[in-house]
S.K.: 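Dropping a structure here in structure tokens format, bear with me for questions.
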There are 2 protein chains.
Amino acid sequence: MSIEITLTPKEGKYLTYIYRKQVEGDERTTTTGLARSFRVNPATTTEILQKLAKKNLVEYTRYYGAKLTESGIVEAQKLLRKHRILEILLVEFLSYDSKKACEEASTIDHHCSEDLINAICRTYGHPKRCPCNKKIFSNSECRRQELTEKMLKKETIGDLND
Amino acid sequence: MSIEITLTPKEGKYLTYIYRKQVEGDERTTTTGLARSFRVNPATTTEILQKLAKKNLVEYTRYYGAKLTESGIVEAQKLLRKHRILEILLVEFLSYDSKKACEEASTIDHHCSEDLINAICRTYGHPKRCPCNKKIFSNSECRRQELTEKMLKKETIGDLND
DNA sequence: AAGTGAATTTAGGTATTACTTAAAAATGTT
DNA sequence: AACATTTTTAAGTAATACCTAAATTCACTT
């Protein structure tokens with residue numbers, strides 16, 4: 001198994017912010033850009049970028065900015081998947097409008113286990129898009145769990161017929 | 001409006017623990033009892049009890065123990081409501097077994113807004129019991145929100161008929 | 001190429017949460 | 001009243017997430 005990556009909530013938020021910037025075509029994310037978005041002092045941003053760099057999630061160049069590494073991209077996509085799957089639950093099942101759904105999802109996404117997200121994902125048939133039409137990245141584990149579930153059901157049915 | 005009560009996640013867990021003890025008939029909760037349950041040093045427990053006392057949620061007597069105040073009971077019930085409503089979602093909608101549901105609910109209950117909990121509560125028709133049959137405390141705000149929702153719907157229909 | 005102004009980083013600091021150990025104090029039990 | 005146990009206090013640690021002020025680097029202009 002690969003080495004565990006642990007992220008604090010804020011680190012996660014920075015990571016997904018950088019990811020979104022990158023998707024929009026920005027080669028790098030600057031300290032000031034982050035500082036403005038998160039309404040914090042640039043010094044705070046520098047600190048978090050350094051932590052993300054130490055965890056090998058961003059390639060950080062002093063005085064220049066940061067871009068995600070390969071595993072940074074993977075982590076960001078995992079987090080965005082959590083966020084977007086939650087949005088689906090909120091909109092589809094609880095009738096949230098997509099803006100409120102996004103806000104609420106933001107406060108809990110980091111705390112939700114992958115298991116929970118996968119359970120929602122399976123319930124909605126592995127959706128490919130969130131309510132605002134952004135991509136949801138597929139998760140092989142999630143599909144594997146579904147197969148396991150089905151096999152268990154078959155076994156149970158078998159037992160009943162014994 | 002009443003003064004805001006803010007609780008850290010751990011303070012919340014201590015509060016609901018004391019509540020449960022009280023329901024079971026225990027007049028007081030001791031430092032050692034808490035320390036054993038949370039697997040921490042008794043000194044840690046003392047500290048948290050003092051903080052809860054400062055927030056007027058427990059009546060804490062040195063060397064004796066703690067019991068909830070009126071507002072402590074209210075807060076504990078709010079937290080337990082969150083926890084139990086989440087359990088319903090996990091069990092009913094996502095097919096969790098009740099043990100796993102409890103574990104997962106514990107990791108997110110504190111972070112869920114009252115709005116989110118109310119939305120789930122309304123979806124399930126203001127359930128009175130969680131999957132393990134524990135009481136879910138009713139919330140007047142939650143029912144009020146439902147009435148508002150219905151009135152908005154009526155208005156919309158009215159508009160269409162204009 | 002040097003100077004300047006803006007962006008960025010470093011250094012040092014604060015507050016909060018949640019824990020620890022060790023020593024002091026209170027309790028209750030015989 | 002003495003002693004063992006429980007509990008508290010005091011002091012300290014580590015992590016998170018901020019800050020200010022000063023130093024550094026960059027980028028642009030002249």
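Here the structure is a predicted model, which is why all the values come from computation and not from measurement. A, B, ... follow the sequence lines: proteins, then strands. Residue 1 opens every chain. Both backbone and side-chain heavy atoms feed into the values below; hydrogens, waters and symmetry mates do not.
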S.K.: Flag the pair B/K21 and B/E24 as a salt bridge only when some basic side-chain nitrogen lies within less than 4.0 angstrom of an acidic carboxylate oxygen.
M.R.: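 Yes.
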
S.K.: Would you call A/R144-A/E141 a salt bridge at under 4.0 Å N-O?
M.R.: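 Between A/E141 and A/R144 there is a salt bridge, with a charged N closer than 4.0 Å to a carboxylate O.
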
S.K.: B/E11 CD to C/dC19 P: how many Å, rounded?
M.R.: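 About 11 Å, once rounded to whole Å.
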
S.K.: Residues in ring-ring contact (aromatic ring centres under 6.0 Å, His included) with B/F38, at least two apart?
M.R.: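 Only B/Y14, B/Y17 meet the ring-ring contact (aromatic ring centres under 6.0 Å, His included) criterion with B/F38.
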
S.K.: Output yes when A/K13 and A/D109 qualify as a salt bridge under the 4.0 Å nitrogen-oxygen rule, no when they do not.
M.R.: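 A salt bridge links A/K13 with A/D109.
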
S.K.: Go through residues 49-66 of chain A and report each residue with a non-hydrogen atom lying under 4.0 Å from DNA chain D, sorted by number.
M.R.: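 Result for residues 49-66 of chain A: A/Y63, sorted by number.
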
S.K.: Given that A/Y14 and B/G33 both sit by DNA chain D, which one's nearest nucleotide is further toward the 5' end?
M.R.: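 Looking at DNA chain D, the more 5' nearest nucleotide goes with B/G33.
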
S.K.: Expressed as a whole number of angstroms, how long is the span from B/L34:CG to D/dT8:C1'?
M.R.: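 Spelled out: CG on B/L34 to C1' on D/dT8 is 15 Å.
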
S.K.: Could you check A/S113 against B/E104 for side-chain hydrogen bond (donor to acceptor under 3.5 Å, both in side chains), going step by step and ending with a plain yes or no?
M.R.: CA-CA 8 Å; A/S113 73; B/E104 187 76 51; 2.6 Å; yes

S.K.: Please determine whether a side-chain nitrogen of the Lys or Arg among A/E103 and A/K100 lies less than 4.0 Å from a carboxylate oxygen of the Asp or Glu.
M.R.: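 Judged by the 4.0 Å cut-off on N to carboxylate O distance, A/E103 and A/K100 do not form a salt bridge.
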
S.K.: Tell me the interatomic distance from B/R36, atom CZ, to D/dT5, atom P, rounded to whole angstroms.
M.R.: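 About 13 Å, once rounded to whole Å.
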
S.K.: For atom CZ of B/R129, decide whether the heavy atoms of other residues, nucleotides or ligands shown that lie under 6.0 angstrom number more than 12.
M.R.: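 Atom CZ in B/R129 is crowded, with more than 12 foreign heavy atoms closer than 6.0 Å.
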
S.K.: Which of residues 40-48 of chain A sit near DNA chain C, with a heavy atom under 4.0 Å from it?
M.R.: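 The answer is A/P42, A/A43, A/T46.
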
S.K.: Is a salt bridge present between B/E75 and B/K78, judged by a nitrogen-to-oxygen distance below 4.0 Å?
M.R.: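 Salt bridge present between B/E75 and B/K78.
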
S.K.: For C/dT16, does either OP1 or OP2 sit under 4.0 Å from a side-chain N or O belonging to B/T8?
M.R.: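 The answer is no; no side-chain N or O of B/T8 sits under 4.0 Å from OP1 or OP2.
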
S.K.: In whole angstrom, give the distance that lies between atom CG of B/L15 and atom C1' of C/dT17.
M.R.: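 Taking atom C1' of C/dT17 as the reference, CG of B/L15 is at 17 Å.
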
S.K.: Starting at NE2 of B/H110 and ending at P of C/dT17, how long is that distance when rounded to a whole Å?
M.R.: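 Taking atom P of C/dT17 as the reference, NE2 of B/H110 is at 10 Å.
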
